[in-house]
Amino acid sequence: MIRAKQERSGPIVVDLTGPDGNAFALMGLASRLAKQLGFDSEIIINDMKSGDYEHLLEVFDKYFGDFVILER
């Protein structure tokens, strides 16, 4: 079935167990969101890269937790 695009309401939901939950996908999303929100994406991405995957998630949540829900 093909349908017309639906208007999104509410926060973005990312399934961390799927392909959108890998580190590179999250950094890409962070970069796009940072630009839309007027944040310095370079600082955020460098901070995300400065630790392990859990650190990456913490940094992502710190900056974008009001806009994105991360699900495990």
Side-chain angles (χ1 to χ4, degrees):
M1 172 198 312
I2 299 174
R3 71 176 188 183
K5 285 187 177 183
Q6 303 294 314
E7 183 108 9
R8 274 195 199 175
S9 62
I12 299 167
V13 178
V14 175
D15 178 5
L16 296 177
T17 63
D20 292 337
N22 96 28
F24 294 107
L26 289 169
M27 287 188 286
L29 178 58
S31 180
R32 290 189 302 276
L33 289 172
K35 288 176 184 164
Q36 290 176 2
L37 297 168
F39 298 161
D40 187 338
S41 63
E42 188 175 334
I43 290 172
I44 296 169
I45 299 302
N46 285 337
D47 192 7
M48 289 173 80
K49 289 194 234 180
S50 70
D52 61 6
Y53 183 72
E54 289 301 317
H55 176 76
L56 180 141
L57 295 177
E58 289 172 11
V59 173
F60 187 95
D61 191 52
K62 175 175 123 181
Y63 287 98
F64 307 111
D66 291 340
F67 311 102
V68 180
I69 297 172
L70 301 175
E71 291 182 337
R72 290 188 193 255

State the [atom1]-[atom2] distance between [X] and [Y], to the nearest 0.5 angstrom.
X: Thr17; Y: Asn22; atom1: OG1; atom2: CG; answer: 12.0 Å
X: Ser41; Y: Met48; atom1: OG; atom2: CE; answer: 11.0 Å
X: Leu26; Y: Asp61; atom1: CG; atom2: CG; answer: 11.0 Å
X: Glu58; Y: Leu70; atom1: CD; atom2: CG; answer: 11.5 Å

Are Asp20 and Asp15 packed together at the side-chain level, in the sense that at least one heavy-atom pair is separated by less than 4.5 angstrom?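 Asp20 does not reach Asp15 side chain to side chain.
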
Taking the side chain as every heavy atom from C-beta outward, state whether Glu71 and Ile69 have any pair of such atoms under 4.5 Å apart.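 Side-chain contact under 4.5 Å: yes.
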
Do Lys49 and Glu42 sit within salt-bridge range, that is, some charged N less than 4.0 Å from a carboxylate O?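 Between Glu42 and Lys49 there is no salt bridge, as every charged N stays at least 4.0 Å from the carboxylate O atoms.
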
From the options Leu29, Ile12, Leu37, select the one residue that forms a side chain to side chain contact (heavy atoms under 4.5 Å, CB included) with Phe64.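 One option only clears the test, and that one is Leu37.
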
Under a 4.5 Å side-chain heavy-atom rule over Ile, Leu, Val, Met, Phe, Trp and Tyr, are Phe24 and Val59 clustered together?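 Yes: a chain of side-chain contacts under 4.5 Å links Phe24 to Val59.
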
Nearest non-hydrogen partners of Leu33 and Val68, listed with the distance: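 Closest approach of Leu33 to Val68, heavy atoms only: CD1-CG2, 3.6 Å.
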
Does any N or O in the side chain of Ser50 come within less than 3.5 Å of the main-chain N or O of Asp47, such that one atom is a donor and the other an acceptor?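 Yes.
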
